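Everything numeric here is computed off the predicted structure, so don't read it as measured data. Both counts, for ligands and for their atoms, begin at 1 and track the order of listing. The figures here come from the full heavy-atom set of this structure, side chains too, leaving out hydrogens, waters and symmetry mates.
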Amino acid sequence: MNIFVINSGSSSIKYQLIEMPSEKVVCSGIVERIGKEGAAITHKVFRGEKEKDKKLVMQISDHEEGLKEVVDLLTDDQIGVIKDPSEINVVGHRVVHGGESFAATTFITNEVKEEIKKLFPLASLHNPPNYLGIEVAEKLFPTAAQIAVFDTAFHQTLPPEAYRYAIPSKFYKEDRIRVYGFHGTSHKYVSEKAIEYLQKENSKIITIHLGNGCSMTAVKDGKSVDTSMGFGPMNGLIMGTRAGDIDQSVIFYLVNQLGYEAEDVKNMLNYNSGMIGLTGMNDMRDIIAKIESSDKEAILAYNMYAYRIRKYIGAYTAVLNGLDAIVYTGGVGENDSRMRELSASDLEYLGIHLDPYKNNLRSKAIREINTERSPVKILVIPTNEELEIASQCFSLMEKGKS
Ligand SMILES: Nc1ncnc2c1ncn2[C@@H]1O[C@H](COP(=O)(O)OP(=O)(O)O)[C@@H](O)[C@H]1O
Ligand SMILES: CC(=O)OP(=O)(O)O
Ligand SMILES: [Mg+2]
């Protein structure tokens, strides 16, 4: 079964064509820096032993344009992997917000699309590009089944103590205002890999997903029991363009005293805060370059980002009443050894001891970066949201057959 997975992030589209159940990746790629200067598509084709790369730097103004370019590459005369779009059996879509309507992977119908649309205000950076991906894919792959896999689904196991807000109950009961949690596909994938690695029946794990969006999850015996994002993907850690936790009175001050419109504040907290708000840059590679030239603002922002992670490690160790492993994943978590070192430092009291030498080794495999004597394992596990999405689509298709 040929499954084409589309993962529209806030700043990128990642995609993979995966043959299931063999899990063979036929091609994969990423459209990066969408809407910015230097936008690029890196497309990889895997044929036998050989891997063919193609990098295209071009103007890509939005997600729709990016996806159309990708489909052209799939059917390209020279490096194409399919002759006709009908060779794609399933398109698996990452959908960030599923609200309380979707606790599981589902076939996309018009009703499902309407629900996804209703959730736009709650995930304004994500559900609109996810929805667009569905619309474009329906046109480009008219014979394929379209399936949605939700970021929120893995967090449906949160207990009410963790998912309720202490606001009048009516807002939960009537308006479904609660913690939903995000990046669930990634937290699920890496926590399962960690459990396999630890070979422990009962496990207490903290997964730290650091991409453009960032979140942490406390995972007990394979189930999400608390997570740092909330009602929408804005809460918790400091992110590329999002502030994460802030005192809500700041919002009222901005609106009531400083005269900002609520919409401006929402945009400020979504697009102009976090690392970009502090340094003018949201790509961690650019921030690291600034740190190397001793830029004070970049150093402070980087320290703040790490400090927030450390606070959540402490909180989730208490939630779990112990800790077997912390797992770093996502673009920053997998690649930025300096951030791993800083965010896992001064936590010896909790049994977390990082080995700087192991931390600086580069590898795409699962690896342990703690010292021999560290009671808590520190793991770097590359996430693979696309493979997780393909597996879930395949299971749903198989279920549909039986
Ligand atoms: N070598 C690296 N060092 C530091 N940060 C990196 C490196 N490679 C990628 N990143 C960072 O990863 C982030 C993007 O992560 P990713 O998980 O792909 O995000 P998203 O899925 O939210 O678009 C960017 O901020 C980028 O700077
Ligand atoms: C939910 C979320 O923040 O996703 P991303 O990291 O892909 O922006
Ligand atoms: Mg991502």
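- Heavy-atom proximity to Met284, at under 4.0 Å, picks out these atoms of ligand 1: 5 (N), 25 (O), 27 (O).
- Here Met239 has no heavy atoms under 4.0 Å from ligand 2, in either its backbone or its side chain.
- For ligand 1, the polar-atom distance check finds no N/O of Asp336 at less than 3.5 Å from any of the ligand's N/O atoms.
- Atoms of ligand 1 lying under 4.0 Å from any heavy atom of Gly213, numbered from 1 in the order shown and given with element: 22 (O).
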(message) Could you walk me through whether Thr105 and Gln392 satisfy the side-chain hydrogen bond (donor to acceptor under 3.5 Å, both in side chains) test, starting with their C-alpha distance in whole Å, then the side-chain angles of each, then the deciding distance to 0.1 Å, before giving a yes or no?
(response) CA-CA 7 Å; Thr105 294; Gln392 293 194 28; 2.6 Å; yes
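- Pairs of residues two or more places apart, or lying in two chains, that qualify as salt bridge (Lys or Arg N to Asp or Glu O under 4.0 Å) and include a residue from residues 280-293 are Glu32-Arg285, Arg33-Asp283, Asp283-Arg285, Glu292-Arg338.
- The His183 neighbourhood of ligand 2 comprises atoms 1 (C), 2 (C), 3 (O), 4 (O), 5 (P), 6 (O), with distances under 4.0 Å to a heavy atom of that residue.
- Atoms of ligand 2 lying under 4.0 Å from at least one heavy atom of Phe182, given by number and element, are 1 (C).
- On a distance-only criterion, Arg362 and ligand 1 share no N/O pair closer than 3.5 Å.
- Contacts of Arg242 with ligand 2, taken as heavy-atom pairs under 4.0 Å, involve the side chain alone.
- Short contacts between ligand 1 and Ile288, defined as distances under 4.0 Å to a heavy atom of the residue, involve ligand atoms 4 (C).
- Every atom of ligand 1 is numbered from 1 in the order shown, and the set under 4.0 Å from a heavy atom of Asn335 is 1 (N), 2 (C), 3 (N), 7 (C), 8 (N), 9 (C).
- Checking only distances, His209 never comes within under 3.5 Å of ligand 1, N or O to N or O.
- The option from Glu385, Met229, His126, Met234 that lies nearest to atom 8 (O) of ligand 2, judged by heavy atoms, is His126.
- Using a cutoff of 4.0 Å between basic side-chain nitrogens and carboxylate oxygens, Lys83 and Glu87 are not scored as salt-bridged.
- In this pair, Phe150 and Phe102 present their aromatic rings parallel. The plane angle is below 30°, not in the 30 to 60° band.
- Side-chain polar atoms of Asp84 and Ser86 form a donor-acceptor pair below 3.5 angstrom.
- A heavy-atom separation below 4.0 Å is not found between Met275 and ligand 1.
- Checked by atom type and distance alone, the side chain of Asn89 never pairs as donor or acceptor with a backbone atom of Met1 at under 3.5 Å.
- One finds the OG1 atom of Thr106 at 8.5 Å from the CD1 atom of Ile147 (value rounded to the nearest 0.5 Å).
- Contacts between Arg94 and ligand 2 below 4.0 angstrom, taking non-hydrogen atoms only, involve the side chain exclusively.
- Looking at ligand 1, you won't find any N or O of Gly330 less than 3.5 Å from one of its N or O atoms.
- Under the 3.5 Å distance criterion, with hydrogens and angles disregarded, no donor-acceptor pair is assigned to the side chains of Gln78 and Asp76.
- For Gly213, a nitrogen or oxygen atom sits less than 3.5 Å from a nitrogen or oxygen atom of ligand 2, counting backbone and side chain alike.
- Between Asn282 and ligand 1 there is a heavy-atom distance shorter than 4.0 Å.
- Taking a 4.0 Å cut-off on heavy atoms, Gly240 fails to register as neighbouring ligand 1.
- Electrostatic pairing of Arg367 and Glu334 does not count as a salt bridge here, judged by no charged N lying under 4.0 Å from a carboxylate O.
- A ring-centre distance under 6.0 Å is found for Tyr15 and His43.
- For the 3.5 Å distance criterion, the side chains of Ser215 and His183 qualify, holding a donor opposite an acceptor.
- Contacts between Met339 and ligand 1 below 4.0 angstrom, taking non-hydrogen atoms only, are absent altogether.
- In this structure, Tyr302 and Tyr305 have parallel ring planes: the angle between them is below the 30° cut-off, well short of the 60° mark.
- Salt bridge Glu372/Lys358: present, at least one basic N to carboxylate O contact under 4.0 Å.
- When only interatomic distances are considered, the shortest N/O to N/O separation between Asn212 and ligand 2 does not fall below 3.5 Å.
- When heavy-atom distances to ligand 2 are checked against a 4.0 Å cut-off, Asp151 comes that close only through its side chain, counted from C-beta outward.
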